[in-house]
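Everything numeric in this text was worked out from a predicted model, so none of it was measured. Chain A is the first sequence line, chain B the second, and so forth, proteins listed ahead of strands; every chain is numbered from 1.
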There are 2 protein chains.
Amino acid sequence: MPTINDVARAAGVSPSTVSYVLSGRRPISAETRARVQAAIAELGFHPHAGARALASSKTNVLALVAPLRVDVNVPVIMQFATAVVTAARAHNHDVLLLTKDEGTAGLERVAHSTMVDALILMDIERDDVRLPAIRRLKQPSVLIGLPADHAGIACVDLDFEAAAGAALRHLAGHGHRRIGLIGPSPAVYRRQTTYADRFLAGFLQASADLGIRTATHPCEPGVEGVRAALADLDTELPGLSALVVHNEEALRPLLDLLHAAGRRVPEDISVVAICPRDVATSMPVDLTSIDIPAHEVGTLAVETAMRLLDGRRVEFTRLLEPGLVERGSCREIAPSHR
Amino acid sequence: MPTINDVARAAGVSPSTVSYVLSGRRPISAETRARVQAAIAELGFHPHAGARALASSKTNVLALVAPLRVDVNVPVIMQFATAVVTAARAHNHDVLLLTKDEGTAGLERVAHSTMVDALILMDIERDDVRLPAIRRLKQPSVLIGLPADHAGIACVDLDFEAAAGAALRHLAGHGHRRIGLIGPSPAVYRRQTTYADRFLAGFLQASADLGIRTATHPCEPGVEGVRAALADLDTELPGLSALVVHNEEALRPLLDLLHAAGRRVPEDISVVAICPRDVATSMPVDLTSIDIPAHEVGTLAVETAMRLLDGRRVEFTRLLEPGLVERGSCREIAPSHR
DNA sequence: TTGAAAGCGTTACCAG
DNA sequence: CTGGTAACGCTTTCAA
């Protein structure tokens, strides 16, 4: 492998000049630049990442900490990851993939050994144990999620509270007065994953504000979990006319169950889902939904990291406005029937 | 951040001694080791990855090239990735995540700039355009898949030919004589993704060997694609009594369609799926299936890379034996009805 | 507009 | 069993 010195020699310039041609950090005459670039091309020179990192204290690598268990929301995780890698490449960075399993130790390992310039973390819990460590790192972090104490940490996510409000207002606007929430699995609540908490809080708040009767239920994975959740909601809230579903995995079994029970969507029961667009449109019934904008969130997280890295100002809390798309899974209840 | 020199000074030894304590590459007296380790702990020393890479020409990083489009098999991709990261960590390596979009250029970028010690590639095509580049890299690669010309390249995968044979033999053994194959999407065949080709080849071969009448059909995503594929199979092969499904996404709509048409599984039609275990067991009917052992394959890929890195012998082609698990979605046809 | 040279923090060889 | 000291390949200040 040729080094910068080989290139310099071939082009008849000093190594520093080659470096400056590469980085553009100082003006180079057109002629010199051409000679250097020719030499680079001819020799097939590629700067050594380690040497660069050592000399410049920049790795051009971002850490992405993803929950790689199988228990949750695989497609959404994947969409985040895709967005992060793509955005990182657009900023000339690569992505080191860590699993959440490694916990605090993993973060500290890659940060302390200077493998990465910044970290992006997903699946943040309300009182995430990694927060203190994150605050101590010399590298900046960007969280996808919003923990309880997020002072001084950059956070990016969908505004799940607002999303819950939007879902409920949509249904209330259609005349629904008894609405059930099918939430994520108890395990997700137990972990106090922040999107679950925030959605629930927004749901209860909007329910109070709008004077709507609601009931809420987490939902175990699998058909039986959905059946149980639905049964409980029906019991707690007789006359239930609409469901908000904040649980991607539950959607399909739910629709199957409703179908099997002869409850038509939307004629007999309305449904609003919170899920990625493609999930909403791949169900037996196209679902009115609030999109989880994984791509936007991932991209924004990377952009925030980049701003942090070059010392630009950032908004520390960026909650994206939810967008509700009507697809006909909600019916209008006539005023006389409300 | 303290450096190795700080540690050396604190422990009253030379930097090389600290290095040797860390690497264990030469004997150190218990006493010295203890002093050094105390100093390391006290100062919170972590070796600088870039400096290490520069001096040792080892990065302890593996590249994982994954197809991050949404068009295929997200959960399986995710399982591979999880397995690779976990196995890599067990060997003290980290994982740099690349997208297949970057193509040959991406591989060359990370390899030439010495960001990684080895590469693991998924979603390999029959005549994968990246192969020539891979052969030229100084870092070894491990493919998850089996391209046409794989001489001298380490390849790891499920033996999809054998899997097709196993599926067909299972059904033939139950007395089925007219069997349809629902394959991956035309796009997958068009790319000549090797698992699709190999499965189809094995299917046709076994069909001939067993003297079974078969028909095969790729399957567009979505309910309509499945409906079309099924209709075509029914037409081409009247009296069809069993289906082999090598298409994870098609499974659910297929079962729905069969149900809607009043064709019971397994009473009226038998089904064998090729998919991850958890997919097979999360369907309305538990499916007899051949597992896609993503975890084993990912782990094996990493282990192969490790062997390659430290110059141990490897088998260049490792095709894992398929395992068929009966779950009752295949019925026995009485000899009189065959 | 360019060059020279001092680091950056390790490793690993050469000595002892 | 331990120390000294060249590399490793690049960036960046200081000078010209």
**OP:** Please report how far the helix from C/dT1-D/dA16 to C/dG16-D/dC1 bends, comparing the axis fitted to its first five pairs with the axis fitted to its last five, to the nearest 10 degrees.
**Re:**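 Inter-axis angle at the ends, rounded: 30°.
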
**OP:** Considering just the side-chain nitrogens and oxygens of A/S57, establish if one lies under 4.0 Å of OP1 or OP2 belonging to D/dT11.
**Re:** no

Original post:
Say you draw a straight line from CG of A/L98 to CG of B/D94; how long is it, rounded to the nearest 0.5 Å?
Top reply: 6.0 Å

Check this for me, if you would: do [X] and [Y] make a salt bridge, where the nitrogen-to-carboxylate-oxygen distance has to be below 4.0 angstrom?
| X | Y | answer |
| --- | --- | --- |
| A/K100 | A/D123 | yes |
| A/E102 | A/R130 | no |
| B/R35 | B/E31 | yes |
| B/D101 | A/R89 | no |
| A/R135 | A/D149 | yes |

Subject >> Nearest-Å distance for atom pair CZ/P, residues B/R9 and C/dG9 >> reply: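 Nearest whole value for this atom pair: 12 Å.
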
**OP:** Whole angstrom is fine here: how far is it from CZ in A/R35 over to C1' in C/dG3?
**Re:** 13 Å

**OP:** Establish, from distance only, whether the side-chain atoms of B/S19 and B/S16 form a donor-acceptor pair under 3.5 Å.
**Re:** no

Original post:
Between the side chains of B/S56 and B/R52, is a donor N or O closer than 3.5 angstrom to an acceptor N or O?
Top reply: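 B/S56 vs B/R52: no donor-acceptor pair found between side chains.
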
**OP:** Starting from the 5' end of DNA chain C, give me the residue, A/E31 or B/G50, whose nearest nucleotide shows up first.
**Re:** A/E31

Original post:
What string of B, S and - do you get for nucleotides 10-16 of chain C, 5' to 3', if B is base contact, S is sugar-phosphate-only contact and - is no contact with any protein heavy atom under 4.0 Å?
Top reply: BSBBB--

